[in-house]
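Here is the structure we will look at, set down as structure tokens.
Chain A is the first sequence line, chain B the second, and so forth, proteins listed ahead of strands; every chain is numbered from 1.
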2 protein chains.
Amino acid sequence: IIEVENLVKIYKTGDVELRALDDVTCSINKGEFVCIMGPSGSGKSTMMNILGCLDVLTSGKYILDGLSIKGQSKAKLADIRNHEIGFVFQGYNLLQKADALENVEMPLMYRGVPSSKRKKMAEEALESVGLASQIHKRPVQMSGGQQQRVAIARAIVGKAPILMADEPTGALDTKTSVEIMQIFTALHNEGTTIILVTHEPDIATWSERVLRFRDGKLVSDEAAPKD
Amino acid sequence: IIEVENLVKIYKTGDVELRALDDVTCSINKGEFVCIMGPSGSGKSTMMNILGCLDVLTSGKYILDGLSIKGQSKAKLADIRNHEIGFVFQGYNLLQKADALENVEMPLMYRGVPSSKRKKMAEEALESVGLASQIHKRPVQMSGGQQQRVAIARAIVGKAPILMADEPTGALDTKTSVEIMQIFTALHNEGTTIILVTHEPDIATWSERVLRFRDGKLVSDEAAPKD
Ligand SMILES: Nc1ncnc2c1ncn2[C@@H]1O[C@H](COP(=O)(O)OP(=O)(O)OP(=O)(O)O)[C@@H](O)[C@H]1O
Ligand SMILES: Nc1ncnc2c1ncn2[C@@H]1O[C@H](COP(=O)(O)OP(=O)(O)OP(=O)(O)O)[C@@H](O)[C@H]1O
Ligand SMILES: [Mg+2]
Ligand SMILES: [Mg+2]
């Protein structure tokens with residue numbers, strides 16, 4: 001479902017050019033559960049942002065579900081994001097002025113889901129991540145792990161075919177992390193393709209395959225370690 | 001150095017009153033290395049914000065280095081924060097318009113440290129957390145773990161007697177986390193009192209004592225687990 005070929009992403013800071021992604025080639029099949037790992041600054045979020053159609057590649061190819069992403073219009077990319085991909089951001093990216101329920105309803109609003117159905121789906125998503133009592137709070141009124149779970153609820157509410165999650169358990173205790181991974185596993189069993197960035201080897205054991213990055217390069221592609 | 005007695009913190013959301021901290025009593029000695037653990041939403045950051053003089057308690061006592069914190073003026077609290085405490089926020093709280101170097105210089109600026117000395121100390125702090133090549137980048141140009149390390153550098157640059165860190169390794173890979181914990185251990189050996197919130201049992205083994213929270217209550221106070 002995802003094919004990446006010779007992917008390069010360059011950032012310029014002043015005169016300095018940094019190859020945040022350096023000639024990455026890999027493919028992910030429909031329904032796979034893949035983990036991306038690597039040191040801080042190795043290019044994981046940059047990779048996720050390009051796969052999630054949130055950022056443009058500098059050179060190389062990215063084919064998503066048969067469609068070449070390079071050169072697509074902003075409107076087309078937004079359309080793909082709204083229908084094909086559920087995305088959990090490393091920094092959550094919640095709307096500060098909206099409450100948890102409104103934040104989770106957002107992707108459904110973009111798809112034109114009617115208001116009462118939208119509200120019910122959002123409530124169920126928040127309940128599934130343990131936030132039933134928090135739905136009318138704004139992000140600033142919530143703990144770090146609660147905000148992270150709102151971001152997760154927003155990414156799963158639409159049951160998009162691809163779930164991309166950038167360190168979704170970073171702010172969560174072990175018990176809550178396991179509950180989230182159980183939700184992801186259930187989605188995977190229903191056919192969702194999952195791409196998850198994590199630093200934690202325990203989390204990686206829930207996936208089938210680990211792609212390791214270092215200094216913008218893909219350095220290994222192996223079966224996930226077992227428990 | 002820190003004494004807390006019957007500490008209560010209540011948040012009101014609409015008509016709902018939440019006891020984010022519920023009758024907490026404990027004391028921390030000068031030079032101790034303490035970990036605070038507990039589930040998401042259990043009150044850890046709320047506790048840190050009160051200890052760090054960033055938030056006011058609803059009722060109870062908080063004595064810091066012999067001084068009763070309740071009722072102190074905003075100016076006095078700011079003064080204490082600038083001289084006594086280095087604080088790593090769970091959400092980093094970096095100035096988005098300033099670069100890494102300027103962010104780390106901030107606490108030294110508040111203390112009136114002259115510009116050239118300030119710059120040198122900030123560079124050394126950033127170098128110690130592995131960010132020598134990132135000092136002129138703004139937060140939005142950095143990875144999650146790099147931003148977290150800028151927040152850490154800012155908290156240690158002034159060598160304040162108390163270091164408070166709210167999940168300082170949440171966005172870091174294992175190797176980088178170990179480097180950070182080695183820095184904290186070195187500071188501890190120089191006499192710094194350290195209070196660290198973490199979800200990760202591996203990080204807790206670096207401390208001497210673990211305070212566990214659940215639903216705003218302090219439920220256990222024990223020696224840290226060994227490796
Ligand atoms: N400004 C606020 N208004 C209302 N409720 C709040 C506010 N800040 C925090 N809370 C609530 O207080 C409780 C404790 O929050 P706190 O941030 O201390 O948790 P935590 O233990 O740090 O969690 P995490 O591990 O997720 O960071 C949570 O239920 C949270 O929703
Ligand atoms: N907008 C930008 N401008 C300049 N450099 C950037 C920008 N965004 C990211 N970078 C750099 O690209 C490199 C890769 O960043 P990326 O966010 O992909 O790392 P990461 O693997 O997700 O790290 P972490 O585990 O810390 O989140 C880093 O060195 C970072 O500083
Ligand atoms: Mg990242
Ligand atoms: Mg917290």
Side-chain angles (χ1 to χ4, degrees), chain A residues 11-16 18 20 37-49 89-92 99-100 129-131 133-149 166-167 169-177 179-180 197-202 212-214 216, chain B residues 11-16 18 20 37-49 89-92 99-100 129-131 133-149 166-167 169-177 179-180 197-202 212-214 216:
Chain A
Y11 286 116
K12 289 188 83 163
T13 318
D15 316 319
V16 179
L18 173 76
M37 300 185 81
S40 173
S42 55
K44 307 179 297 296
S45 295
T46 304
M47 183 71 178
M48 292 292 271
N49 291 339
F89 293 84
Q90 186 169 6
Y92 320 151
D99 65 22
V129 297
L131 293 181
S133 63
Q134 308 286 324
I135 66 176
H136 293 302
K137 280 188 169 176
R138 282 169 289 113
V140 73
Q141 297 171 313
M142 288 190 250
S143 79
Q146 288 167 343
Q147 292 180 37
Q148 187 160 47
R149 284 181 278 158
D166 197 345
E167 301 198 36
T169 61
L172 303 176
D173 53 282
T174 309
K175 176 164 177 291
T176 313
S177 299
E179 291 166 8
I180 295 303
V197 173
T198 186
H199 284 306
E200 300 181 50
D202 286 349
R212 281 191 186 279
F213 281 78
R214 176 174 285 281
Chain B
Y11 286 115
K12 289 189 81 164
T13 318
D15 315 319
V16 180
L18 173 76
M37 301 185 80
S40 174
S42 56
K44 307 180 296 299
S45 295
T46 303
M47 182 72 178
M48 292 292 273
N49 290 339
F89 293 85
Q90 185 169 6
Y92 320 151
D99 65 21
V129 297
L131 293 181
S133 62
Q134 307 287 324
I135 67 177
H136 293 303
K137 281 189 170 175
R138 281 170 289 111
V140 72
Q141 297 171 311
M142 288 189 249
S143 77
Q146 290 167 342
Q147 293 179 37
Q148 187 160 49
R149 283 180 278 159
D166 196 345
E167 303 199 37
T169 61
L172 303 176
D173 53 281
T174 310
K175 177 163 177 288
T176 312
S177 299
E179 292 167 5
I180 294 304
V197 173
T198 186
H199 285 305
E200 300 180 50
D202 285 352
R212 280 192 188 279
F213 281 78
R214 176 174 286 281

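- Atom OG1 of A:T174 is separated from atom CE of B:M37 by 7.0 Å, given to the nearest 0.5 angstrom.
- With sequence neighbours excluded, the residues forming a ring-ring contact (aromatic ring centres under 6.0 Å, His included) with B:F89 are B:F87, listed by chain and number.
- The choice from A:R149, A:K175, A:Q147 that makes the most heavy-atom pairs within less than 4.5 Å of chain B is A:R149.
- Residue A:H199 holds its NE2 atom at 9.5 Å from OG1 of B:T169, rounded to the nearest 0.5 Å.
- At a heavy-atom cut-off of under 4.5 Å, chain A is reached by B:S40, B:G41 from residues 40-49 of chain B, listed in order of number.
- With values rounded to the nearest 0.5 angstrom, B:Q141 atom CD is found 10.5 Å from A:L18 atom CG.
- With a 4.5 Å cut-off on non-hydrogen atoms, B:Q146 touches chain A through its backbone and its side chain both.
- Note on A:T13, A:L172, A:T176, A:D166: by heavy-atom pairs under 4.5 Å with chain B, the leading option is A:L172.
- Heavy atoms closer than 4.5 Å to chain B are found nowhere in A:R138, neither backbone nor side chain.
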